[in-house]
Amino acid sequence: FNGSSIEVKVELTLLDKEKDTDVMSPNGKASPFSDCRPNGALGHCSDEDSAPPRLYQPRDYVEASVCHVKDLENGQMREVDLGSGRALLIKEHGEFSAIAHKCPHYGAPLVKGVLSKGHVRCPWHGACFNIATGDIEDFPGLDSLPTFQVTFVVWLTMPFTFPDLQSQKRSKAMARCSAVINSSTGPAGLVCAETLRQEGFTDRIVMCTMDKHPPYDRPKLSKSLESTAEQLRLRSIDFLQDHDIELLTEKEAVAVDVKTRAVTFQDGSRMEYRKLFIATGSKPKPMNYKGQDVKNVFHLRTPEDANCVARLANNRNAVIVGTSFVGMEVAAALTDKAHSVSIIGIEAIPFQKALGEKVGRAIMKVGLPWEIRLSELRLKEVLLKSGKVLRADVCVIGTGSRPATGFLKGSGVHMDSKGFVPVNKTMQTNVEGVFAGGDIVTFPFLGRSNKKVNIPHWQMAHVHGRVAALGMMGRPTEIKTVPYFWSAMFGKSIRYAGYGEGFDDVVIQGDLDELKFVAFYTRSEEVIAVASMNYDPIVSRVAEVLGSGKTIRKRDVETGDMSWLIDKGSQ
């Protein structure tokens, strides 16, 4: 063919390597997946599953011209329209690949993300996907991406029956069969359980949570107060059952006996384990106020809490105690619902410790009236030490949290003075066979020369769950990720990547007044974290650089020239 007339044909059939996942586990060993439907589809096997793949006839395809080979340069991505859906076409190192065009986490357009070294990183929350296999390589999120085969012919074709253009996500193949107890309230436990199945684990898996709901997207609680547990859920009951993951709700652990390898629950029941993963998350710090049993004071821990806040605040007075991200997000969510919203706290500037004074002041400008110093809460009002009284028809307390590890006292599982559980690189505690993850742990962080740190990010909990699962299976894998955090308030999104604890300076590029800026957090002349507003995908780009092991120097970002961070091919 003449290069100028060749067009790319994206054939939406599974790549050969991906087809093999129903008989091989990711580590190349034989897997019980041979009796499961390909591509992680749910349901028990049937005679049809073992049938040879059918040959698609011409009537099974639709055709559409996409582009000429020369239209894409190396390092470029392009969304292509297939008529009944879209795909992401990628060219890297002279080779083409095609995957779903939306991140399965929150639906971000991956074409605006960062392409580098065989994977694409989401511009919103930093999840990474392998462009050849579609597999999720870094979190947040649970699902991988469907991949499509690329050939160099005149037409782009797809089977009518292929659903991936509509779903834009796929579940990794999971082994079946049924000890492992997964004590969890968040994504760490769920990712751990799914990873065990994906990697061929065939023993029993039990997830125990004190919540009344299956795992749900807790960060959305403060941003979308009216969402139900069903709308927020990460996986359905059917999904868990189809993969033999037992879920026990309202099952609170009260004691662990590492000698007999058993967990005791509040209802008096006892369960033995072979491997144990503890990811019980955090609980609100105690706060003294009058009327502890009042119905209009919330810590925002459940969907029911969020729903009640939204209902009680409707055209009434809301008070937010605490200038945490959760508190500010709730305040922002109530601005178009409540008659008045007041935020009170001990800090004059929000997020000063995490984001610095300049960024905190910029965010405060689009916020709400600020009052200094918290005093005490009463049934219908908040009394400040200044003497001012704020009417409070509903009150949300967001003054911080502490690890929910009280039940581990006397268990033999080591905890530090603050209640955090130290773990090693594989997420194992001081007790063999007992692993921990999520908000409750301190773990060796590669970005700080393996200093043990606590990073209570939603994304980090996903990583902990996967690393712990691999450790349980005797396949130790160290944590290799860049912490990624996000928040949304007052119609603005802020993204953050890295570990900025102990930063000594902040280099601002852009316009703080316009809330279009990038903030580089430096420590000893080195960039250790970055935050941005209205500057996508620069945080994902910095995460990609930091994740590759490269050092970003302070002098590199002081010049104001950030062209080295912006991938022109992803625009």
How about Ser236 and Leu240: do any of their side-chain heavy atoms sit closer than 4.5 Å?
-> no
Under-4.0 Å salt bridge between Arg466 and Glu194 | no
Please answer whether the main-chain N or O of Cys122 pairs with a side-chain N or O of Ser540 as donor and acceptor at a distance below 3.5 Å.
-> yes
Side-chain donor/acceptor of Glu92 to backbone N/O of Gly118, under 3.5 Å | yes
Show your reasoning for whether ring-ring contact (aromatic ring centres under 6.0 Å, His included) applies to Trp458 and His464.
-> CA-CA 10 Å; Trp458 186 251; His464 290 173; over 10 Å; no
Any sub-3.5 Å donor-acceptor pair from Lys554's side-chain atoms to Glu526's backbone N or O?
-> no
Does any N or O in the side chain of His462 come within less than 3.5 Å of the main-chain N or O of Leu142, such that one atom is a donor and the other an acceptor?
-> no
Any donor-acceptor pair under 3.5 Å linking the side chain of Tyr496 with the backbone of Gly500?
-> yes
Backbone N or O of Val482 within a donor-acceptor pair of the Gln459 side chain at under 3.5 Å?
-> yes
Please set out all donor-acceptor pairs under 3.5 angstrom arising from side-chain atoms of residues 219-230, sequence neighbours excluded.
from   : atom 1 : to     : atom 2 : distance (Å)
Ser222 : OG     : Glu329 : OE1    : 2.5
Lys223 : NZ     : Pro219 : O      : 2.9
Lys223 : NZ     : Glu329 : OE1    : 3.3
Lys223 : NZ     : Glu329 : OE2    : 3.4
Ser224 : OG     : Ser227 : OG     : 2.5
Ser227 : OG     : Ser224 : O      : 3.4
Thr228 : OG1    : Gln231 : N      : 3.2
Thr228 : OG1    : Gln231 : OE1    : 3.4

Check whether any side-chain heavy atom of Phe351 sits under 4.5 Å from a side-chain heavy atom of Ile363, and report yes or no.
-> yes
Measure from the side-chain N and O atoms of Thr477 to the backbone N and O of Arg475, and report whether any donor-acceptor pair falls under 3.5 Å.
-> yes
Check whether any side-chain heavy atom of Ile508 lies under 4.5 Å from a side-chain heavy atom of Val359, and answer yes or no.
-> yes
Roughly how far, to the nearest 0.5 Å, is the OG1 atom of Thr195 from the CZ atom of Phe277?
-> 9.5 Å
Salt bridge flag under 4.0 Å for residues Asp536 and Arg495 | yes
Can you list the steps and then say if Asp244 with Arg197 is a salt bridge (charged side-chain N to carboxylate O under 4.0 Å, His left out)?
-> CA-CA 9 Å; Asp244 292 330; Arg197 286 290 184 246; 5.2 Å; no
Pair Arg523-Tyr521, side-chain donor/acceptor within less than 3.5 Å = no
Over-ring placement of Arg448 relative to Phe445, 6.0 Å and 45° cut-offs | no
Please report the C-alpha distance between Lys358 and Leu512 in whole Å, then the side-chain angles of each, then the deciding distance to 0.1 Å, and finally whether the side-chain contact (heavy atoms from CB on, under 4.5 Å) criterion is met.
-> CA-CA 8 Å; Lys358 293 179 181 178; Leu512 284 172; 4.0 Å; yes
Are Met77 and Leu110 side-chain neighbours, meaning at least one heavy-atom pair lies under 4.5 Å?
-> no
Stepwise salt bridge (charged side-chain N to carboxylate O under 4.0 Å, His left out) check, Lys91 with Glu95 = CA-CA 5 Å; Lys91 185 178 182 182; Glu95 296 191 1; over 6 Å; no
Donor-acceptor pair, side chain of Asn534 and main chain of Leu515, under 3.5 angstrom | yes
When the aromatic ring centroids of Phe485 and Phe325 are compared, is their separation below 6.0 Å?
-> yes
Residue set satisfying side-chain hydrogen bond (donor to acceptor under 3.5 Å, both in side chains) with Tyr499, at least two apart, ordered chain then number -> none
Can a donor-acceptor pair be found between the side chains of Asp138 and Thr481 at a distance below 3.5 Å?
-> yes
With sequence neighbours excluded, residues passing side-chain hydrogen bond (donor to acceptor under 3.5 Å, both in side chains) with His457 = none
Backbone of Ala333 reached by a side-chain donor or acceptor of Lys337 within 3.5 Å = yes
Report yes or no: does Gln76 contribute a side-chain atom to a donor-acceptor pair with the main-chain N or O of Glu73 at less than 3.5 Å?
-> yes
